[in-house]
Amino acid sequence: LIYSIFQSDDNEEPAEKQEKVTSKPLDYLILIVGGAAVAISADYTIWGISGISQSFGVSPEIIAQSAVAIGTSLPEVIVSIKSAKKGKTEIAIGNVLGSNVFNILFVMSIPSFFGTLSIPADVTAFSLPFMIVLSVLFTIMTNDRKIILFEGVILLVFYVYYILSLFI
């Protein structure tokens, strides 16, 4: 955030000349309908995970940590790829890092306000520490605001290792 605040971009208009964005009633309706769709979809996702895990004889936690994680991460991957192609690497890096921090701190803590949260031992023993370590590694790798091919390959190797460790 500090980098973004102090970064000067000659292509941007001064704050006084930028158009003020206003919300319309339709925007609020879309927000409410979208929120309801997310809530309903969450129930169907849990139902689907249970069905898939029973069909394949695999633990629901493994399906959630692999297939569901891929599905929820795809929008972030697309934003990061488009940002990188446009030369906005800061957005791509911030998107990945911000997503990891958000998942570590909020996705596992907010549901606990609405009921008892049962986290499997393997998640707290392996997956959560693994995500934290990789987030720190990613932060170090992106300190120069770019990722070289070798660093990308290292991250992919860690991802493959993680997925394989779930199924072994």
Query raised in the report: Taking a hydrophobic cluster as the set of Ile, Leu, Val, Met, Phe, Trp and Tyr residues connected by side-chain heavy atoms closer than 4.5 Å, whether directly or through intermediates, do L149 and V157 fall within one such cluster?
Result: yes
Query raised in the report: Would you call I148 and E151 a side-chain contact if the rule is heavy atoms closer than 4.5 Å?
Result: yes
Query - Pairwise distance CE(M141) to CD1(I154) - rounded to 0.5 angstrom - result: 4.5 Å
Requested in this report: Give a yes or no on whether V77 and L155 share a hydrophobic cluster (residues Ile, Leu, Val, Met, Phe, Trp, Tyr; joining criterion: side-chain heavy atoms under 4.5 Å apart).
Outcome: no
**Report entry** Joint hydrophobic cluster, V133 plus F126, side-chain heavy atoms closer than 4.5 Å
**Finding:** no
Requested in this report: Could you list the residues that satisfy side-chain hydrogen bond (donor to acceptor under 3.5 Å, both in side chains) with T142, not counting sequence neighbours?
Outcome: none
**Report entry** Cluster link L137 to Y161, ILVMFWY, side chain under 4.5 Å
**Finding:** yes
Query raised in the report: Can you name the nearest heavy-atom pair linking N95 to S80, along with the distance?
Result: ND2-OG, 3.0 Å
Report summary line: The reported gap from CG in L166 to CZ in F130 (rounded to nearest 0.5 angstrom) is 9.5 Å
Query raised in the report: If you draw a 6.0 Å radius around CZ in F158, do more than 12 non-hydrogen atoms from other residues or ligands fall strictly inside?
Result: no
Query raised in the report: By side-chain hydrogen bond (donor to acceptor under 3.5 Å, both in side chains), which residues pair with S41, not counting sequence neighbours?
Result: none
Query raised in the report: Roughly how far apart are F138 CZ and M131 CE, rounded to 0.5 Å?
Result: 13.5 Å
Report task. Determine whether V136 and F102 fall in the same hydrophobic cluster, where Ile, Leu, Val, Met, Phe, Trp and Tyr are linked whenever their side-chain heavy atoms lie under 4.5 Å apart. Result -> no
Query raised in the report: Looking only at heavy atoms, what is the nearest atom pair of P129 and A125, with distance?
Result: CG-O, 3.6 Å
Query raised in the report: Quick check: does any side chain N or O of N143 sit under 3.5 Å from a backbone N or O of I140, one acting as donor and the other as acceptor?
Result: no
Report task. Would you mind listing the cluster partners of Y44? Hydrophobic ones only (ILVMFWY), side-chain contacts under 4.5 Å, chaining allowed. Result -> I40, W47
**Report entry** L29: which of L31, V33, D27 passes side-chain contact (heavy atoms from CB on, under 4.5 Å)
**Finding:** V33
**Report entry** Smallest separation among heavy atoms of I49 and P60, with atom names
**Finding:** CG2-O, 3.6 Å
Query raised in the report: Between atom CD1 of I163 and atom OH of Y159, what is the distance when rounded to the nearest 0.5 Å?
Result: 3.5 Å
